[in-house]
Amino acid sequence: MDIRKIKKLIDLMIESDLQAIEVKEGDQSIALTRRSPAPIQMGVAAMPAPSAESAPKAKTPRGVVETSPMVGVYYAAPSPGEAPFVQVGQTVSAGDTLGIIEAMKIMNPIEATQSGVIEEILVKNGEVIEFGQPLFRYRA
C-alpha cells in the first residue's frame, strides 16, 4: 500500500477522532490503532472538611489507571487455558503486556505505560469493553 494513502488514513483518523480503522484493497489490508496519550492519574481531590452531621465518605483510590484505547473484547491470557498476563499484586514494567483486546479480528496488546504493582483488574476475561473504560489500576 502506498505511503501517501497511509498518511491520508492517519489524517482521516485524527480529523474524525477515530481510534481504529481497517482498510482492505484487493489482497492488501492495513489496520491502524491510536493509543491513548497517557494514563489517568487518580488521587484525592481537595474537598471541604466534612461536617459532624455528614456520613464518612469513601476515599478516592490512588494510583494509575490504564484505560482501553479501543472498543473490543478483553482477554486476560494469550489463549484459553493459559495463565493470565498479570495478576493482582504482580509487579509490571513499562511496556509489559497487561492483556489483549480483540477488535476487528485483530489481537491488540494492552501495554503498561509505566512500572508499578497491579492493585486491581477492573474487567473480566471475555468482557466487551468500551473506549476509555478503566481496565487496570496499579500503584506506580
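No experiment lies behind these values; they were computed from the predicted model shown.
Grouping the Ile, Leu, Val, Met, Phe, Trp and Tyr side chains by contacts below 4.5 angstrom, directly or via other members, places Val73 with Met107. Cluster annotation: Ile106 is not connected to Phe131 through the hydrophobic network of ILVMFWY side chains, with a link wherever side-chain heavy atoms come within less than 4.5 Å.
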Under 3.5 Å, which donor-acceptor pairs link side chains of residues 83-101 to any protein atom two or more places apart or in another chain?
unit_1 : atom_1 : unit_2 : atom_2 : d
Gln90  : OE1    : Gln87  : N      : 3.0
Asp96  : OD2    : Ser93  : N      : 2.8

Can you give each donor-acceptor pair under 3.5 Å made by side-chain atoms of residues 75-82, sequence neighbours left out, with the distance rounded to 0.1 Å?
unit_1 : atom_1 : unit_2 : atom_2 : d
Tyr75  : OH     : Glu102 : OE1    : 3.2
Ser79  : OG     : Glu82  : OE2    : 2.5

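When Ile110, Leu122, Thr67, Ile121 are each tested for a side-chain contact (heavy atoms from CB on, under 4.5 Å) with Leu135, only one passes: Ile110.
Atom OG1 of Thr113 is separated from atom OH of Tyr138 by 3.5 Å, given to the nearest 0.5 angstrom.
Listed here is the closest heavy atom pair of Gln114 and Glu66: N-OE2, 4.4 Å.
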